[in-house]
Structures are given as C-alpha cells and as structure tokens.
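Below is one structure, written out as structure tokens, with a few remarks after it.
All values below were derived from every heavy atom in this structure, side-chain atoms included, with hydrogens, water molecules and symmetry-related copies excluded. All chains are named by letter (A, B, ...) in the order of the sequence lines, taking the proteins before the strands, and each is independently numbered beginning at 1.
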Amino acid sequence: MFALVDCNNFYVSCERVFNPGLQNRPVVVLSNNDGCFIARSEEAKAIGLAMGDPAYKNRELLRQHNVAVYSANFPLYGDMSARVMKTLETLAPDLEIYSIDECFLDLGGFGKFNLADYAAATRKTVHRNTGIPVSIGIGATKTIAKAANRMAKKNLSLGGVCILSTAAATREALGAMAVEHIWGIGSQYAALLHKQHIHTALDFADAPTHWVQKHLHITGARVQQELNGHSCLPLELVRSRKQSICTSRSFGSLVSSYEEIGYAIAHFTSTCAFKLRREGSRASLLTVFLYTSPFIEKENRYRGTRTFALPFPSNNTLELQKAAQLLLASIYRSGYGYKKAGVLVSGITDEKGAAMTTLSLFDNDPLPRNQKRDMKLMETLDAINSRFGQGTLRTASDTNSGWKQRQEKLSPHYTTRWNDIIEIHA
DNA sequence: TCTGGGGTCCTAGGACCC
DNA sequence: TCTGGGGTCCTAGGACCC
C-alpha cells in the first residue's frame, strides 16, 4: 500500500500560518510578476477564482469579496515544505518527496496497523508541528493513492483521509471519478477518451489495453495498469540527478535593449551555474532563449532560441556566462519588445565524473590547473553568498537593473530572513 | 525483376506533472 | 497596462555511422 500526503491549498496555508487573520477569508497567491492565481483558499474557489486565471481579469471579484492577495513567496513555501517533509520522515520508514507539497509514503510493512488511525495521527502531527493542514489518500498503487487523496479533499465527511484498501472499494471510487481527474491524464487525452465514450476512471481501467497502448503510449498504459492495482511506479527513494535546469523569468515590463537583456541573461546563467554546483553536477549544453509576449499579434512575435555545446562539462559561472553572451548575440533582434528570457543547461553529468573528462587535443589551456583554480573560485563565491545572501558577490554583468519583476503583495520571509523578522516586531 | 540491417545523435514537438 | 516557472518522458524524422 502507498499513501499520498498532500498539503491543502499549500501556499495559502503557508501564509495563514503566520497571519491567522486570514482564516475563513478568501485568500489567493499569485504567480511571479503577480500574474495568475497559483493557490486559492476554499473560500476563493467558491467565489469562482480559477486556477491559472490572470489576476487582472478578476479585479472586480477580488475587490467585491475583499480577497486577500499575495505575491508568491517561494523562500517561505520552500522552508515550510521542508518542515512538513521532516515531520513525515519521522512517521514513515520510506518516503518519496514528489513535489513541494506532496509526499508518497510506503506502507508496505504496515500490515498489522490500523491505517485509519495511522493516517489520522499523521494529519494531527503534521498540523501540530507545522500549522499546515494535509489530506491523505491510501491505495494499492501510487495512482490509486492519488485518486484516494482527491476523494479525501472533495468529500468533507471523510475527515481528510480516504483509504481504498480493497479492489471493490477502488472500483467503486473510480466509477465516481471523471477520467480527466486521473493522475497522468491531461486535457488532450481526456478529450480523446471522451470521444471513445470513456468517461470515468473505471471506464478507463476497463478499456482494451491494446487501444490504450496505441493511443496513449507506454505512459498511458502504465496508468491503466496502476488503476487496476498493478504497481508500475515504484517509490523513488533517492532523488535522481536533474537532467536539465532552467532559470527564466517574464519581465515586469517589455525590455528591448540588448544591454538590458544581457544583464538578465548573465543573472539567469549565474543562477543556473549555482544550481548545478549545489547538485554536484556539470552541464555540457547551454541554451539561451528570448521571447516576445505570446499574447500579441502574430506578425510582431519573435522567439529566439539557440544551444551551444561546451567543450567540457562545466558549472563555472564565468565560463557559462561567456557562452551565454555569445548565444544571446546570435539570437537577439532589435526592434522587438521582449517579455521573457531564460537559460537552460542540459547534458548533465556528475561533477566528479566530469573532472576526469578527456582533455582536448586543440585546447592550449592546461585544463587541470585552471579547473582547480576555477573550482576554488566558485567555492569561495558560494561560501560568501551563502553567508551574506545570494547576489552579494557576483559578476559585473549580473546587475539586475532594469528588468525587475512585479511583486507588490509580498509577505515577509518569516522563517528565512532576519531583517524581515526584526521588521515584524518593530 | 531485383536494392540490408543495425545503430547513434540531434532537433522538434507533444503530452504530462506540480 | 495586466497572462508563471520548472520539470519529466515519449515519439518521430533527418543526418550520420559501419
């Protein structure tokens, strides 16, 4: 058996922990740039504020219902997530942190325990330790646990816990669930399935396997197997090395100048390099991209993207920034107002393995010596920024001057920034 | 009349997840 | 005026290798 523990309206719940006045009030959290709704309290959902909808289209509703609006505060949510996961680690032998607000638990050895008591105790402990309310779904596979979790959230009489312990109970639950709510079935597949008169999760579980395999491919076939109680998705106990790392932002207002975009690209590159070092990884491919808004007329749109293969895998900020500026120069077109840019690193290898890379026959640089020196430099950079804050020490090109984002309703960094805490008490 | 078999790498795009 | 950010896996086609 697997359990899925999912934090309720997670970002909203984080804001409520530090601001109890937000209880029983509609609350929303906005995406970066204060763009779209990415979390909504139950009260906000009831008003009709939809996930992913832009805030500016809902200005009147927000005002009418006196909705509390927050800019995304990811340092706060990340820290609260770590606290929830730390608590769960004390309650289950094996777990997989699936996302910032979800965690799968392996209940394989829980045969003699009463799962309902265990789940209720888990909810209580997480809430006591962190202030975050969670829902728990339990089933024979991860996909069934996901479905159970959805039921626990939708059906208030269940008290936040839903356990599908038998095949009969599972089939009954799946019969009441629309096919588009299955984990792994998105809007495109849902439309295809409805056309085939497959409307419920149970219809999908019972659909001909060869048809599913043909139209939804191997991933869809696995989902079907999982719904029928055959576990295909094991718990991933060790987090695997990321295969790509992306840093990108939309700009608060349009940016046209090459210089300004260069600053942004330098900043994104330095963030990517930092993330690589934090993971103990190096990248061999670097991609830079630059977009105009997708919401303007087609004739005025431009999307530039280009990839560079580095001579050696690298996580060095200076090396990556040099390559990124070359790429930017080749994709930048003057005369456009750019809305978004980003940097993506891929072709990722282990830092230690990469250090043993075959040397180039043509490169005059004595690589091993420079690499040692550069690694020391990056270590020092990270140590200073870790102590005094990210961005304290940076390259001159990384100035973050004109492309700032909008963040007008930001709550304090209650758990990660001393100055914010001092200000609250002042 | 008749024209193999087995690979890799790269790019692009489509689907999904949170 | 205003529309997020960061990932994964899979498929398919083209170019290339022997």
Start with the C-alpha distance between A:Glu226 and A:Thr143, add both sets of side-chain angles, then the distance that settles side chain to side chain donor-acceptor pair (under 3.5 Å), and finish with yes or no. CA-CA 6 Å; A:Glu226 284 250 320; A:Thr143 307; 2.6 Å; yes
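- In this structure, A:Thr307 does not reach the B:dC10 phosphate: none of its side-chain N or O atoms is under 4.0 Å from OP1 or OP2.
- Within 4.0 Å (heavy atoms only), A:Thr247 reaches sugar-phosphate atoms of the nucleic acid but no base atom.
- Across all strands shown, A:Ile185 has heavy atoms under 4.0 Å from sugar-phosphate atoms exclusively, and none from any base.
- Counting to the nearest Å, the P atom of B:dA12 and the CZ atom of A:Phe289 are 14 Å from each other.
- For C:dT3, the OP1/OP2 oxygens have a side-chain nitrogen or oxygen of A:Lys339 closer than 4.0 Å.
- Here A:Arg222 does not reach the OP1 or OP2 of C:dC9: none of its side-chain N or O atoms lies under 4.0 Å away.
- Atom CG of A:Asn33 and atom P of C:dG4 are 8 Å apart (whole Å).
- Neither side chain, A:Ser257 nor A:Glu259, offers a donor N or O lying under 3.5 Å from an acceptor on the other.
- Comparing C:dG4, B:dC18, C:dG7 by their nearest atom to the side chain of A:Ser99 picks out B:dC18.
- Comparing C:dT3, C:dG5, C:dT1 by their closest approach to the side chain of A:Pro54 singles out C:dT3.
- Judged by the 6.0 Å distance and 45° axis criteria, A:Lys142 is positioned over the aromatic ring of A:Phe104.
- When only modelled atom types and interatomic distance are considered, A:Arg282 and A:Ser314 share no side-chain donor-acceptor pair under 3.5 Å.
- At the heavy-atom level, A:Ile182 lies under 4.0 Å from the strands shown only through sugar-phosphate atoms.
- Distance CD (A:Gln188) to P (C:dT11): 17 Å, rounded to an integer number of Å.
- Separating the CD atom of A:Gln243 from the C1' atom of C:dC9 is a distance of 9 Å, rounded to the nearest angstrom.
- OP1 or OP2 of C:dG5 sits under 4.0 Å from a side-chain N or O of A:Ser250.
- Distances shown here put a side-chain N or O of A:Ser248 below 4.0 Å from the OP1 or OP2 atom of C:dG6.
- Within the model, atoms CD of A:Glu96 and CZ of A:Phe2 stand 9.0 Å from one another, a figure rounded to the nearest 0.5 Å.
- Rounded to whole Å, the distance from CD on A:Gln407 to P on C:dG5 is 11 Å.
- Distances from the side chain of A:Asp101 to the nucleotides C:dC2, B:dC18, C:dG7 place B:dC18 closest.
- Residue A:Tyr189 is classed as a sugar-phosphate contact, given heavy-atom separations below 4.0 Å to backbone atoms only.
- Across all strands shown, A:Arg406 has heavy atoms under 4.0 Å from sugar-phosphate atoms exclusively, and none from any base.
- Using a 4.5 Å cut-off on side-chain heavy atoms (C-beta onward), A:Phe10 and A:Pro133 make no contact.
- Counting any heavy atom pair closer than 4.0 Å across all strands shown, A:Ser187 reaches sugar-phosphate atoms only and no base atom.
- Distances shown here put a side-chain N or O of A:Lys146 below 4.0 Å from the OP1 or OP2 atom of B:dC18.
- To the nearest angstrom, P of C:dC10 lies 11 Å from CG of A:Leu233.
- Rounded to whole angstrom, the span from the CE atom of A:Met51 across to the P atom of B:dC18 amounts to 10 Å.
- In this entry the distance linking CG of A:Leu4 with P of B:dC18 reads 9 Å, nearest Å.
- Within the nucleic acid shown, A:Ile245 comes within 4.0 Å of sugar-phosphate atoms alone, with no base atom in reach, counting heavy atoms only.
- When distances run from any side-chain atom of A:Ser31 to the nucleotides C:dG4, C:dT11, B:dC18, the shortest one goes to C:dG4.
- A:Lys45 and A:Asn9 share a donor-acceptor pair across their side chains, judged by distance under 3.5 Å alone.
- As judged by a 4.0 angstrom heavy-atom cut-off over every strand, A:Ile218 is placed among residues touching the sugar-phosphate backbone only.
- B:dC17 and C:dG4 have their C1' atoms separated by 15 Å, with the value rounded to a whole Å.
- A residue-by-residue look at A:Gly35 and A:Cys246 shows that A:Gly35 has its nearest nucleotide of DNA chain C further toward the 5' end.
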